Amino acid sequence: MDQSLRLMIVDDAAALADAAAGAIVDAAVAAVAAQQRFTVALAGGATPRATYMRLAGPPFAEAVPWDRTWVFFGDERCVPPDHAESNYRMASETLLSKVGIPAEHVYRMRGEADDPETAATEYARTLASAFETKRGGLPRFDLVLLGLGLDGHVASLFPGSPAAREIFRTVVAVHAAAARIPQRLTLTFPAINAAARVIFLVSGAEKEKTLKAALSDGGLLPAGIARPADGTLTWIVDRPAASLLSPELLGPLSR
Ligand code: 6PG
């Protein structure tokens, strides 16, 4: 079993927000100690939202070196930044406006752009410049946070979408017909899997089947493809979401 994969099961949604905020602090402190900066890609969704609210308060907020932190987004819905469905707005309201992060350290995806393809290419350039990658190189985020969609999507990489099989580009525009806001921008798996750490946040009984499938049939669901090539993968899940995980699965996973 892959020793870089860790499963952490906590009691409920509140404990999950606590554990996730703690894990983000740990990643930030370690990254700044090692290379004087911390780069993180945020997720959208209700579970990440609860974590950001926790991270914005004591004792977590004081523990993050915000002036050495750079924030990016794993995905964005194609709406203006002040729209109720904007991931930027959500992160801004719950976290970024509440902590001492310099405004120029926050790189949002331009969900409001007329042409999502252009916005995706622009964000790929933003990443290349922020991470100083050469042509064809991949950004190495210190941390990519991911939620788990009911259908097994991560970021905006949906089951069956060609975007989930992208191998060259780091950011793409996608059209997910079933989603409330179908047009989206997203990091691709090459970008996600180049990260030093990937942390999944999964809460609630409605995710039990999806979580089981993601952990046991790696590769069939987009969530199973998120596996850093040279980094750690941590699943932080609550008991209601973990209720279908069998002891055979749990044993090796939580080792
Ligand atoms: C988004 C996402 C998406 C989300 C999951 C989980 O913008 O919708 O980034 O991938 O993280 O759908 O969201 P919940 O925690 O709300 O289920």
Side-chain angles (χ1 to χ4, degrees), residues 8 10-32 37-77 79-109 111 123 141-150 153-156 180-181 184-187 192 195-204 207 223 226 233-238 240-241:
M8 196 173 164
V10 297
D11 281 342
D12 53 21
L16 190 146
D18 245 42
I24 295 168
V25 170
D26 291 349
V29 169
V32 171
R37 74 172 195 177
F38 173 53
T39 53
V40 56
L42 300 181
T47 317
R49 182 174 195 278
T51 292
Y52 303 156
M53 292 178 77
R54 198 70 190 88
L55 184 61
F60 304 108
E62 299 76 46
V64 175
W66 293 109
D67 56 335
R68 303 306 307 154
T69 297
W70 279 260
V71 168
F72 299 82
F73 285 80
D75 72 326
E76 183 56 278
R77 295 91 181 263
V79 293
D82 59 353
H83 191 282
E85 294 281 342
S86 161
N87 282 345
Y88 168 75
R89 175 175 167 172
M90 183 278 272
S92 199
E93 285 183 354
T94 54
L95 175 65
L96 304 174
S97 66
K98 306 217 184 302
V99 296
I101 185 162
E104 66 276 17
H105 285 202
V106 178
Y107 291 92
R108 69 176 184 87
M109 292 177 164
Y123 203 69
F141 287 102
D142 295 306
L143 173 61
V144 173
L145 289 173
L146 295 174
L148 175 68
L150 255 191
H153 77 262
V154 292
S156 284
R180 207 165 39 220
I181 305 285
R184 287 153 175 257
L185 303 169
T186 185
L187 294 186
I192 292 170
R197 301 171 191 78
V198 171
I199 300 182
F200 269 95
L201 312 175
V202 191
S203 169
K207 300 277 175 69
L233 173 60
T234 305
W235 287 79
I236 307 180
V237 310
D238 67 11

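Scope of the values below: all heavy atoms of this structure, side chains included, with no hydrogens, waters or symmetry mates. Because the structure is a prediction, the values reported are computed rather than measured. For reference, positions follow the sequence shown, starting with 1.
- Considering NZ of Lys207 and CG of Leu201, their distance stands at 9.5 Å, rounded to 0.5 Å.
- Looking at residues two or more places apart in sequence or on another chain, you find a ring-ring contact (aromatic ring centres under 6.0 Å, His included) between Phe72 and Tyr107, Phe131, Phe141.
- For the side-chain hydrogen bond (donor to acceptor under 3.5 Å, both in side chains) condition, no pair includes a residue of residues 62-72, sequence neighbours left out.
- For the atom pair OG1 (Thr186) and CD (Glu76), the distance works out to 10.5 Å, reported to the nearest 0.5 Å.
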Next item on the list: Show your working on side-chain contact (heavy atoms from CB on, under 4.5 Å) between Met109 and Leu187 and close with a plain yes or no.
Entry: CA-CA 10 Å; Met109 292 177 164; Leu187 294 186; 4.3 Å; yes
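- Considering all non-hydrogen atoms of both residues, Ala61 and Val99 come closest at CB-CG1, 4.1 Å.
- For the residue pair Asp238 and Gly204, the shortest heavy atom distance occurs at OD1-N, 3.0 Å.
- When side chains are defined from C-beta on, Leu185 does not count as touching Phe73, because their heavy atoms never get closer than 4.5 Å.
- In this structure, Val202 and Leu16 approach most closely via the heavy-atom pair O-CD1, 3.1 Å.
- Under the side chain to side chain donor-acceptor pair (under 3.5 Å) criterion, Asp75 pairs with Asn87, Ser156, sequence neighbours left out.
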Listed pairs under 3.5 Å, donor-acceptor, residues 46-54 side chains, sequence neighbours left out:
{"from": "Tyr52", "atom 1": "OH", "to": "Ala43", "atom 2": "N", "distance (Å)": "2.8"}
{"from": "Tyr52", "atom 1": "OH", "to": "Ala43", "atom 2": "O", "distance (Å)": "2.7"}
{"from": "Arg54", "atom 1": "NE", "to": "Asp18", "atom 2": "OD1", "distance (Å)": "2.4"}
{"from": "Arg54", "atom 1": "NH1", "to": "Pro58", "atom 2": "O", "distance (Å)": "3.4"}
{"from": "Arg54", "atom 1": "NH2", "to": "Asp18", "atom 2": "OD1", "distance (Å)": "3.1"}

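- Applying the side-chain contact (heavy atoms from CB on, under 4.5 Å) criterion to Asp12, with sequence neighbours excluded, gives Ala14, Ala15.
- Legend: salt bridge (charged side-chain N to carboxylate O under 4.0 Å, His left out) pairs involving residues 82-93, not counting sequence neighbours, sorted by first then second residue: Arg77-Glu85, Glu85-Arg180, Arg89-Glu93.
- In plain terms, the two heavy atoms of Gly44 and Met90 that are nearest each other are CA-CE, 3.9 Å.
- Closest approach of Val29 to Ala63, counting heavy atoms only: CG2-O, 3.7 Å.
- The distance from atom CG of Leu145 to atom CG of Leu55, rounded to the nearest 0.5 Å, is 9.0 Å.
- Scanning for side chain to side chain donor-acceptor pair (under 3.5 Å) contacts around Thr39 gives Asp142, with sequence neighbours left out.
- Residues satisfying the side-chain contact (heavy atoms from CB on, under 4.5 Å) test with Ala223, not counting sequence neighbours, are Leu148, Val154, Phe200, Ala214, Trp235.
- Residue Thr94 holds its OG1 atom at 8.5 Å from CG of Leu42, rounded to the nearest 0.5 Å.
- Considering every non-hydrogen atom in both Ala155 and Leu146, the closest pair reads N-CD2, 4.1 Å.
- Remark: Arg108 engages Glu112 in a salt bridge (charged side-chain N to carboxylate O under 4.0 Å, His left out) (not counting sequence neighbours).
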